[in-house]
Number of protein chains: 2
Amino acid sequence: MTSIDDVAKLAGVSTATVSRVINNKGKYSEKTKLKVLKAVEELNYKPSTQARHLAKFRKGFNICVLYSERIKKHLISEKNEFIQKSFYSIVLKGIADGAQENKVKMDTLTFNEFIKKNTKYDGILILGSDKIPNNILECNIPIVFIDNYIVGKKTNSIVSNGFDGTYYTIDKMIKRGYKKIFHIHGSLMFYGFRRRFEGYELAMKNNNLFPITYEIKEEEESINYVMSMIMPKKPEIIFASNDSIAIMILKYLKNNNIKVPDEVQLIGFDDVIDATLVNPPLSTIKVFKYEMGNVALERLIELINGKNLHPYVTSLFTEFIERKTTKGV
Amino acid sequence: MTSIDDVAKLAGVSTATVSRVINNKGKYSEKTKLKVLKAVEELNYKPSTQARHLAKFRKGFNICVLYSERIKKHLISEKNEFIQKSFYSIVLKGIADGAQENKVKMDTLTFNEFIKKNTKYDGILILGSDKIPNNILECNIPIVFIDNYIVGKKTNSIVSNGFDGTYYTIDKMIKRGYKKIFHIHGSLMFYGFRRRFEGYELAMKNNNLFPITYEIKEEEESINYVMSMIMPKKPEIIFASNDSIAIMILKYLKNNNIKVPDEVQLIGFDDVIDATLVNPPLSTIKVFKYEMGNVALERLIELINGKNLHPYVTSLFTEFIERKTTKGV
DNA sequence: TTGTACGCGTTATCAG
DNA sequence: CTGATAACGCGTACAA
């Protein structure tokens, strides 16, 4: 392992100068630059990102978290309530905690606020899958996307592994002996919904069952309409794309005097706080929102420190949380 | 940001003692333990993994890379050749380079060798998707899987993003005006093949084209058989699950005097060295094998240092490399 | 059982 | 333009 000292010695300069050349900061002559680069080459020197982080640490970092107007409204509307309950507020907590540990100063802004503000940041975190203005994407600093992954763009993204969680859960239900498992889903244009769909589909197929799926708009009207079509077919289990849809389904079932889980079982996805508050409490597949925020921040710091620059998607594993809308074992 | 010093001060002990309690190492009285834990709690202290790494660094780590007999044979057979050319040897290089930078001592063993040897390691890297003996999976140290992801097991895995690369490439071909794009694939039991399949399928569907797919065994006989069925249908482009299959297809086409890319175009996946050596050189989707090894090692070190323990899959983006089996723009 | 002091590799600061 | 040196936070020999 070769350190900056080795390079300095070989080049006949101080470590400070080596650092300056490597990071292209401060002043140095062309001559020393060449000496240093030659030594770097010769020793195959790669700076330690850990040590670099520690050294930079003193100054701290400045990042900002960006989201759409829609999400902002969502977050503000919670401020008055005692529990911060939305998906995004938990993600934000994960980011904020990580920021505190890493001496990161963090602003939270909407896309438009950011564009107007024009401050310099070391990196950006983008929250959610709403449309992002192009001039944000084109700014030349590290960006990490949370719960958003656009196929064909090579972005650093943190998402939940909906495929795996769904496959695992549906397979578990089939192993309990159920066969008539239906899937009600939102638009498959969204990566998240599509992965859950695919997990459901594969679990069914691998067990020689035929997948039965219905697309809905995420509104009560649409859901009620589809439910009225579905129920005569006597599903044993309904799996919904997310908790919000599942909860609207639950409402429909109650309004129609259909007993859950006795007559039909119900499974959601996300594990939002509401899932515990409805009656009966919703069985669901938990997304690790806090960890999502945390990991996103860590990834952003990596990028700021120049580590693992090749872009990749990080998919956090989910977990089936069994409450009272399924029958248990 | 609260450091070990703050905790030490509040608890009225030295930093050494705090460290001992936190890491459960060395001796300390129950009384001091309580004092320390209370201070930790109160200050919400979380040790910096970066600093921890730097401190542990002096001792270095011991890890080992495990693979099947099959892969070992593969690797050994290359030893005599001048170019280390296989997929796995490049991954290994990525691991080895990372290991050197991080003062990690690294053994490479087959599963059986490992089981016999019974040495203590700080962590394990498992290479490839061959079957892994259970007693390895059950050993209680951090494991990172490379190019292997078993649905339903919550493992830390590094894979290539076959879905994205395939979607992007097929979409590109369709935008060039081609419609008759066929996919020849290996067993969809393998996660990697399935993701490529899904990327192909979605790209076709989103462009209102009908996906046409054929499953083969990865042997010439099977491929020749399927090819003889396919060619009368006049495909414009054939996309294969990987380069090895693509190269066998290319051989078939040559043997049958079918001109590539004039009469039919061909795309592989992986970008192994052979892809550049065949005639004409193969257009393919590149997997970043070196980065895969590198990222895997970094992830393992994270786990050893107790950082980001929630398991996740890391999917590295791929890239379309256009050579001579496609017609270019 | 506990504390002191140093080292890990890097960068920022300040003096020259 | 360059060098010396003090941090950054943690773990651990060694001393007490």
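Every chain is numbered from 1, with letters handed out A, B, ... down the list of sequences.
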### Query
What do you reckon, is OH of A/Tyr168 surrounded by more than 12 foreign heavy atoms closer than 6.0 Å?
no
### Task
Whole angstrom is fine here: how far is it from NE2 in B/His53 over to C1' in D/dT12?
16 Å
### Summary
Scanning both residues in full, the closest heavy-atom pair of B/Leu92 with B/Val65 reads CD2-CG1, 3.9 Å
### A/Asn161 to A/Thr318 - nearest heavy-atom pair and separation
O-OG1, 3.7 Å
### Message
Give me the atom names and distance for the closest heavy-atom approach of A/Ser68 to A/Thr110.
### Response
O-CG2, 4.3 Å
### Query
Is any side-chain heavy atom of A/Lys289 closer than 4.5 Å to a side-chain heavy atom of A/Asp271?
yes
### Test side-chain hydrogen bond (donor to acceptor under 3.5 Å, both in side chains) applied to A/Asn134 - qualifying residues, sequence neighbours left out
none
### Query
Nucleotide range of DNA chain C contacted by chain B, 5' to 3', under 4.0 Å to a heavy atom?
C/dT1 to C/dG9
### Residue pairs involving residues 33-42 of chain B (criterion side chain to side chain donor-acceptor pair (under 3.5 Å); sequence neighbours excluded)
none
### Query
Quantified as the angle between the terminal helix axes (five pairs each), what is the overall bend of the helix from C/dT1-D/dA16 to C/dG16-D/dC1 to 10 degrees?
40°
### Task
Whole angstrom is fine here: how far is it from NZ in B/Lys46 over to P in D/dC10?
13 Å
### Query
If you look at every strand shown and take non-hydrogen atoms under 4.0 Å, does B/Val18 touch a base, only sugar-phosphate, or nothing?
nothing
### Task
Name all pairs fulfilling the side chain to side chain donor-acceptor pair (under 3.5 Å) condition that reach into residues 6-19 of chain B, sequence neighbours left out, sorted by first residue then second.
B/Ser14-B/Thr17, B/Ser19-B/Asn23
### Task
Over all heavy atoms of both residues, which pair between B/Asn148 and B/Ile132 is shortest? Give the atoms and the distance, please.
ND2-CD1, 3.6 Å
### Closest non-hydrogen atom pair between B/Asn308 and B/Arg299, with its separation
O-NH2, 2.9 Å
### Query
When all nucleic acid strands are considered with a 4.0 Å heavy-atom cut-off, which category describes A/Asn23: base, sugar-phosphate, or nothing?
sugar-phosphate
### Message
What is the distance, to the nearest angstrom, from the CD atom on A/Glu101 to the C1' atom on D/dC8?
### Response
16 Å
### Summary
Numerically ordered, the residues 25-45 of chain B set in heavy-atom contact under 4.0 Å with DNA chain D is B/Lys25, B/Tyr45
### Message
Looking at B/Asp107 and B/Cys64, would you say the former's side chain and the latter's main chain have a donor-acceptor pair under 3.5 Å?
### Response
no
### Message
Measure NZ/A/Lys9 against C1'/D/dA4 and give the value in whole Å, please.
### Response
15 Å
Hey, what are the protein-to-nucleotides 14-16 of chain D N/O distances that come in under 3.5 Å?
none

### Gap between atoms CD1 and C1', on B/Ile22 and D/dC10 respectively (whole Å)
10 Å
## Note on the structure
Per the under-4.0 Å heavy-atom filter, residues of residues 55-62 of chain B near DNA chain D come out as B/Ala55, B/Arg58, B/Lys59
### Query
Which atoms form the tightest heavy-atom contact between B/Asn156 and B/Pro311, and what is the distance?
OD1-CA, 3.3 Å
### Query
Would you say D/dG11 has OP1 or OP2 under 4.0 Å from some side-chain N or O of B/Ser19?
yes
### Between D/dA7 (C1') and A/Arg52 (CZ): distance, integer Å
17 Å
### Query
Can you name the residues that form a ring pair (Phe, Tyr, Trp, His ring centres under 6.0 Å) with A/Phe57, not counting sequence neighbours?
A/His53
### Query
Between A/Lys103 (NZ) and D/dC8 (C1'), how many Å, whole number?
7 Å
### Query
Who are the salt bridge (charged side-chain N to carboxylate O under 4.0 Å, His left out) partners of A/Asp130, not counting sequence neighbours?
A/Arg70
#### Entry: Counterpart residues, salt bridge (charged side-chain N to carboxylate O under 4.0 Å, His left out), relative to A/Glu291 (two or more places apart)
none
### Message
Listing request: all side chain to side chain donor-acceptor pair (under 3.5 Å) pairs with a residue in residues 94-103 of chain A, at least two apart in sequence or in separate chains.
### Response
A/Lys93-A/Asp97, A/Asp97-A/Tyr290
